[in-house]
Amino acid sequence: MKERVAVIDFETTGITPGREGRATEIGIVLLEGGVIVDRFQSLMNAGVPVPPMIVQLTGISSAMVRSAPPAASVMREAAQFVGRAPLVAHNASFDRKFWDYELAQCGLSSAQDFACTLLLARRLLPLAPDHKLGTLTRWAGLPATGRAHRALADAEMAANLLRHLGETLQQRCARPVSHALLCRLQKVTAAKVPQFLQQL
DNA sequence: TGCCAGGCCCTCTTTAGGGCCTT
C-alpha cells in the first residue's frame with residue numbers, strides 16, 4: 001500500500017465517550033508504503049479520574065493524566081498530525097467514537113474513512129485463534145512494540161498488522177492494495193470474501 | 001423505575017440471541 005495512512009489508538013477511562021469515558025492517551029503511527037514514517041503520542045488531561053481497573057489495565061494513573069496537557073490541545077495537534085490521511089484502527093468503531101467525540105470537544109470534526117484491522121483480520125485471517133490485537137501480533141509473528149494497552153505501542157502493533165493484512169490481500173488478488181479497497185473489503189460479509197476477491 | 005456500549009458476526013436465525021472486541 002503506497003499511500004499514506006494514519007493508524008490510531010486511544011486509551012480511555014471507559015467504553016463510551018462522554019461523562020463516563022474520556023480519552024487519556026492517543027498514539028498515531030503514519031505508515032507510507034508499509035513503512036512507519038512518523039509517530040505521535042501524548043497523554044491528555046480531560047479532567048476526569050482514571051478508574052482503578054483502567055489503571056491496572058493501562059498503567060495510566062490519574063496523577064499521570066493530571067500532569068498531561070489539556071485534551072483539547074492534544075487533539076488539535078493530533079488532527080494536524082493526521083492531516084487528510086485516511087485512518088485505521090483495531091476495532092475502529094471504538095476509536096472512531098473517541099476520535100469524533102474528542103475532536104468535537106475542541107470544535108473540530110473529521111470526515112476521513114476508517115479502516116478496521118479487526119474486521120479485515122476476521123476476513124483475511126479466519127484461522128487465527130482469536131482476533132485480539134495481541135493474539136494476532138503473536139500469531140502472525142509480528143514484532144513486539146512495547147507495553148500493550150499503551151497508545152503508541154498498540155498503534156504500532158495495529159500498523160504492523162495492517163501491513164501483514166495488506167501483504168495477505170496482495171497475495172490473494174493481483175491488484176494494488178489501497179485504503180479504499182480495504183474499506184470495501186471490510187463491508188463484505190465474511191462468507192462472501194472469496195467471491196469478492198475473485199471479482200477484483 | 002431501573003437500567004445503561006455498540007457494531008459485527010454466527011447460528012440451534014431472520015418476529016433472536018449470544019459471543020467477540022475495544023477501554
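Every chain is numbered from 1 and lettered A, B, ... according to where its sequence line falls, protein lines coming before strand lines. Predicted model, so just to flag it, every value in this text is computed and none were measured. Just so it is clear, the values below take in all heavy atoms, side chains as well, and ignore hydrogens, waters and symmetry mates.
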* Taking atom P in both B:dG7 and B:dT13, what distance in whole Å separates the two? -> 24 Å
* If a protein heavy atom is under 4.0 Å from the base, mark B; if only from the sugar-phosphate, S; if neither, -; do that for nucleotides 18-23 of chain B going 5' to 3'. => --BBBB
List, with names and distances, any nitrogen or oxygen atoms from the protein found under 3.5 Å away from nitrogen or oxygen atoms belonging to nucleotides 12-17 of chain B.
none

* Hey, does the side chain of A:Gln186 reach the backbone of A:Cys116 with a donor-acceptor pair shorter than 3.5 angstrom? -> yes
* Find the distance A:Leu120:CG to B:dC8:C1' and express it as a whole number of Å. => 13 Å
* Asked: Which residues satisfy the ring pair (Phe, Tyr, Trp, His ring centres under 6.0 Å) test with A:Phe196, sequence neighbours excluded?
  -> none
* Check side-chain contact (heavy atoms from CB on, under 4.5 Å) between A:Arg150 and all other residues, then give those that pass, not counting sequence neighbours. => A:Glu25, A:Gln41, A:Leu43, A:Ile60, A:Met64, A:Arg147
* **Non-neighbouring partners of A:Ala180 that pass side-chain contact (heavy atoms from CB on, under 4.5 Å), sequence neighbours left out** => A:Ser178
Report, one line per pair, each donor and acceptor closer than 3.5 Å where one atom sits in a side chain of residues 132-145 of chain A; sequence neighbours left out.
from	atom 1	to	atom 2	distance (Å)
A:Thr135	OG1	A:Asp130	OD1	2.9
A:Thr135	OG1	A:Asp130	OD2	3.4
A:Thr137	OG1	A:Leu133	O	2.9
A:Thr145	OG1	A:Ala153	O	2.7

* Whole-Å P distance, B:dC4 and B:dC8 -> 23 Å
Check residues 74-83 of chain A and write down every donor-acceptor pair under 3.5 Å in which the side-chain atom is one partner and the other belongs to a residue at least two apart or another chain.
none

* Rounded to whole angstrom units, what separation is found between the CZ atom of A:Phe98 and the P atom of B:dG6? -> 12 Å
* Structure fact -> Residue set satisfying side-chain contact (heavy atoms from CB on, under 4.5 Å) with A:Ser62, at least two apart, ordered chain then number -> A:Pro49, A:Val50, A:Arg66
* To do: For nucleotides B:dG6 and B:dT23, find the distance between their C1' atoms and express it as a whole number of Å.
  => 14 Å
* **Set of residues satisfying side-chain contact (heavy atoms from CB on, under 4.5 Å) with respect to A:Pro176, sequence neighbours excluded** => none
* **B:dA5 versus B:dC12 - spacing of their P atoms, nearest Å** => 28 Å
